[in-house]
**Student:** 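Following this message is one structure expressed as structure tokens.
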2 protein chains.
Amino acid sequence: MGNKSVNLKALAAHLGLTVSTVSRALNDYPDISLATRKRVKAAADQLGYRPNQNARRLSIGTPETVCYLMPRQIGPNAQPFVAQLLAGLGEALNERNWDLLVSQADASVGDLASIERLVKSGRIAGLVISRPLKNDPRVKLMQSLGCPFVVHGRTEKSDDYAWYDVDGEDAFVTAVNHLARLGHRRIGFIGAPLQYQFAQERLDGYVRGLSHNGLDQDPALIQIAEFTDEGGTAAAGLLMDLDEPPTAIVCVTDMMALGTLEALHSRQIMPGRDVSVIGYDGLHFGKHAHPPLTTMAQPQAHAGRRLGDILLSIIDGAAPTKFQELQRANLVQRSTDGPVTTSTSTGQTHVSEREESR
Amino acid sequence: MGNKSVNLKALAAHLGLTVSTVSRALNDYPDISLATRKRVKAAADQLGYRPNQNARRLSIGTPETVCYLMPRQIGPNAQPFVAQLLAGLGEALNERNWDLLVSQADASVGDLASIERLVKSGRIAGLVISRPLKNDPRVKLMQSLGCPFVVHGRTEKSDDYAWYDVDGEDAFVTAVNHLARLGHRRIGFIGAPLQYQFAQERLDGYVRGLSHNGLDQDPALIQIAEFTDEGGTAAAGLLMDLDEPPTAIVCVTDMMALGTLEALHSRQIMPGRDVSVIGYDGLHFGKHAHPPLTTMAQPQAHAGRRLGDILLSIIDGAAPTKFQELQRANLVQRSTDGPVTTSTSTGQTHVSEREESR
DNA sequence: TTGCCTTCCGAAATCGGTTTCGGTTAGCGT
DNA sequence: ACGCTAACCGAAACCGATTTCGGAAGGCAA
């Protein structure tokens, strides 16, 4: 406590050298004799010397820090993958001893102002933006600020910056194909507000999937709601109360799919037998739903790691447009998908269970 | 892009003043005339000037940053509350314009070394430690470093530092009481490795609950496993394979409880009717389990916020021991608890469902 | 007019590093 | 003995802010 942590000056005094010599010794300058370098390093970690990062970064001119912008909606159903993402990011940054800052926009200041302050104050060398809107002002801001960034997801027009995304459109085509193959012809869609690009993509996939299978599109079968379980329940309720309810439902989120299951149960409808449900995300929790939720799983184990590597590459000078990575989601069949049943016969529940790919 | 962000010198030149005057004007020193102050501020935000934080912090001598230490185990079943916690922390820090760093120990360096480097390099003014071990070397390290910190949870001996925790022992007494009141006399316990203090506390609560209800303690009814759903499944399997299996099971984690439900289902045992199960955490997801999981819910909506406020207070000079806050968990009855059934009669499923407190 | 006290601002030190530039010393060849 | 080149280290500028100290200008009383 009493001993202020040793700094360069103290270390230099201890060694009978000047700060400049010590600094260069520690940084392996070739014009310092190997003997001195060794001596200095030994003394350094004997005294527990750690260079002050604020001073160092001020001097070398880079903050050696990147920032992850937390998604806004953090409620009781917080996104579990935030932790995974941060872990991956941290891993990439650790290799360089860079720091990871997380920031949520100060409510009193606003998103854009927060970001602008962050980069102009020289605190960060790069930024990770997640869950962008169709036309997200944050990417334009970052571009005009000339600050490296990478987006987790995409915007509507995504040709001139770096992003890492999972192909939601393709995933929904796959889901609809799967359901069509099982005989379903009335397939409902439960979506999120279309200001989010991911919501639009998945809707596009749904539509494309329908036409690809020669099914016609009924506007009544498309329900938009907040992407929470309650939102899913409400939307599913509307769908099932139609005169001609769907025999299958695809949901843009596992959370909404869970809500959908809830709505079905409260109507004594058995998911996977009477009505099929497919979610999206591949949340581990889906395994424990009733019945276990079939879903389009994102391969997001390494998303954070990739985002980190991409961002660092851009900071190093690579062209952002070189990094536009589209991953594919894959169908994880659990038990909420099944063949269409013509009547409400008490058919056999579909129980095929495969484990998701780790 | 081309324009390097304006710094004090540039701003001063623009105004025809010196940097010292401009700096003091921006910081509302009284020895600068009000007129000049206004003029300077106007010019500052017209030019979009933001003080370089590295320089500023070096000068004022505090990093204005606190760090959250990520828990290690971040797998497919990542902790959803990490995001919530970070949100709360960020909120507290935003009020002062402080930064939030997240760090996971560099695998190649080790936990303690990472921490030591972090504080000695002057990057952080305080630290949040989560999920401590019984005898966690990190708290001793922080104490010897003289760096403010707060623990989310407690260690075995927790009298000389600041912490915020939920009373796991009390919670398990409550859970056992509840089950005993329902007539259960053989109650199993599925726990986590006892190196974690939370695991020990909850075991203590279980034991105390038993004796409080005059039940005797059978070592065979205590199973320890990793706190994942698979761990829960394995442990529950062992319990149910006993000659005299329990009629109720308490689990230290909702995740383990979900695994337990799995084990019961695979044995054609109906949770809540044949065997009661109570989890711990109050995860939102539990609502969608089959059947919905009864659990001891932590009031963790504001944990992050409180941790942040506590840490800031300590950094401001308050005595750490003033902050030792114990919250209570409360029973959220969903559908996996029910009265004991003497035989394997097909009794009525317990369906009381109350919603958790928001 | 002189002296003194405010009011306002500039010069310079400081935080703790990095990096450029220049100066000693030693070694070597001739 | 002389000159030249490496090898090694010190002095000082710099990064961009904050803060102490002191000085100039103006106002007021005597």
Side-chain angles (χ1 to χ4, degrees), chain A residues 3-41 43-44 47-65 97 99 117 119-125, chain B residues 3-41 43-44 47-65 97 99 117 119-125:
Chain A
N3 53 346
K4 295 191 35 138
S5 67
V6 305
N7 55 12
L8 245 202
K9 204 194 300 186
L11 179 58
H14 174 86
L15 281 164
L17 294 172
T18 62
V19 292
S20 79
T21 302
V22 175
S23 170
R24 279 173 304 163
L26 291 175
N27 292 320
D28 273 324
Y29 275 54
D31 65 344
I32 303 292
S33 76
L34 229 124
T36 332
R37 276 189 253 172
K38 274 197 179 132
R39 193 165 68 95
V40 169
K41 285 180 187 170
L47 296 194
Y49 166 76
R50 302 290 173 193
N52 180 304
Q53 290 304 95
N54 278 321
R56 185 167 160 277
R57 287 165 179 175
L58 168 60
S59 186
I60 64 179
T62 156
E64 294 189 333
T65 300
N97 287 312
D99 286 335
R117 210 158 59 183
V119 333
K120 282 206 174 173
S121 67
R123 266 175 295 186
I124 61 171
Chain B
N3 52 346
K4 297 190 32 136
S5 68
V6 306
N7 55 11
L8 245 202
K9 203 194 299 186
L11 180 57
H14 174 86
L15 281 162
L17 295 173
T18 62
V19 291
S20 79
T21 302
V22 174
S23 170
R24 280 173 303 166
L26 291 175
N27 292 319
D28 273 323
Y29 275 53
D31 66 343
I32 302 292
S33 76
L34 228 123
T36 329
R37 276 190 253 172
K38 275 199 179 131
R39 193 166 68 95
V40 170
K41 286 180 187 172
L47 297 194
Y49 166 75
R50 303 289 173 194
N52 181 303
Q53 291 304 97
N54 278 321
R56 184 167 161 275
R57 287 166 179 172
L58 168 61
S59 186
I60 65 180
T62 156
E64 295 189 330
T65 299
N97 286 313
D99 285 334
R117 208 157 63 181
V119 332
K120 282 205 173 171
S121 68
R123 266 176 295 187
I124 62 171

**Student:** Specify the angle, to 10°, made by the local axes at the two ends of the helix from C/dT1-D/dA30 to C/dT30-D/dA1 when five pairs are taken at each end.
**Tutor:** 60°
**Student:** I want to check something: taking the side chain as every heavy atom from C-beta on, are A/Leu58 and B/Arg56 in contact at a cut-off of under 4.5 Å?
**Tutor:** no
**Student:** Can you tell me how far C1' of D/dG16 sits from CG of B/Leu11, to the nearest Å?
**Tutor:** 13 Å
**Student:** What residues, two or more places apart in sequence or in another chain, satisfy side-chain contact (heavy atoms from CB on, under 4.5 Å) together with B/Lys38?
**Tutor:** B/Leu34
**Student:** Sequence neighbours excluded, which residues qualify as side-chain contact (heavy atoms from CB on, under 4.5 Å) partners of B/Asn27?
**Tutor:** B/Ser23, B/Tyr29
**Student:** From NZ of B/Lys9 over to P of D/dA17, roughly how many Å is that when rounded to an integer?
**Tutor:** 10 Å
**Student:** Can you confirm whether B/Ile32 sits close enough to B/Val40 that some side-chain heavy atom of one is under 4.5 Å from a side-chain heavy atom of the other?
**Tutor:** no
**Student:** Run the side-chain contact (heavy atoms from CB on, under 4.5 Å) test against A/Thr62 and tell me which residues pass, sequence neighbours left out.
**Tutor:** A/Ile60, A/Glu64, A/Trp98, A/Ala125
**Student:** Expressed in angstrom and rounded to an integer, what is the separation of B/Asp28 atom CG from D/dT18 atom P?
**Tutor:** 12 Å
**Student:** Please report, rounded to the nearest Å, how far the P atom of C/dC21 is from the OH atom of A/Tyr29.
**Tutor:** 12 Å
**Student:** Could you list the residues that satisfy side-chain hydrogen bond (donor to acceptor under 3.5 Å, both in side chains) with A/Ser59, not counting sequence neighbours?
**Tutor:** none
**Student:** Scan residues 5-25 of chain B for pairs that pass salt bridge (Lys or Arg N to Asp or Glu O under 4.0 Å), counting only residues two or more places apart or in two chains.
**Tutor:** B/Arg24-B/Asp31
**Student:** Could you list the donor-acceptor pairs under 3.5 angstrom formed by side chains in residues 47-55 of chain B, with sequence neighbours left out?
**Tutor:**
unit_1, atom_1, unit_2, atom_2, d
B/Asn52, OD1, B/Asn54, N, 2.8
B/Asn52, OD1, B/Ala55, N, 2.9

**Student:** Assign each of B/Val19 and A/Val19 to its nearest nucleotide of DNA chain C by heavy atoms, then name whichever residue's nucleotide is nearer the 5' end.
**Tutor:** B/Val19
**Student:** Using a strict cut-off of less than 4.0 Å between a Lys/Arg side-chain nitrogen and an Asp/Glu carboxylate oxygen, indicate whether A/Asp99 and A/Arg123 qualify as a salt bridge.
**Tutor:** no
**Student:** Strictly below 4.0 Å: does B/Asn27 bring a side-chain N or O up to OP1 or OP2 of D/dT18?
**Tutor:** yes
**Student:** Show me the protein contacts with nucleotides 7-9 of chain D, counting only N or O atoms at under 3.5 Å.
**Tutor:**
unit_1, atom_1, unit_2, atom_2, d
D/dC9, OP1, A/Thr36, OG1, 3.1
D/dC9, OP2, A/Ser33, N, 3.3
D/dC9, OP2, A/Thr36, OG1, 2.9
D/dC9, N4, A/Asp31, OD2, 3.1

**Student:** For the pair made of CG in A/Leu8 and C1' in C/dT18, what is the distance, rounded to whole Å?
**Tutor:** 9 Å
**Student:** Please report the distance, rounded to the nearest Å, between CG in A/Leu15 and P in D/dG10.
**Tutor:** 10 Å
**Student:** Atom CG of A/Leu11 and atom CG of A/Leu26: how far apart are they, to the nearest 0.5 Å?
**Tutor:** 6.5 Å
**Student:** For DNA chain C, which residues of residues 53-65 of chain B approach it to below 4.0 angstrom with any heavy atom?
**Tutor:** B/Leu58, B/Ser59
**Student:** For B/Arg117, which residues count as a salt bridge (charged side-chain N to carboxylate O under 4.0 Å, His left out) partner, sequence neighbours excluded?
**Tutor:** none
**Student:** Measure the distance from CG on B/Asn52 to P on C/dG16 and round it to the nearest whole Å.
**Tutor:** 17 Å
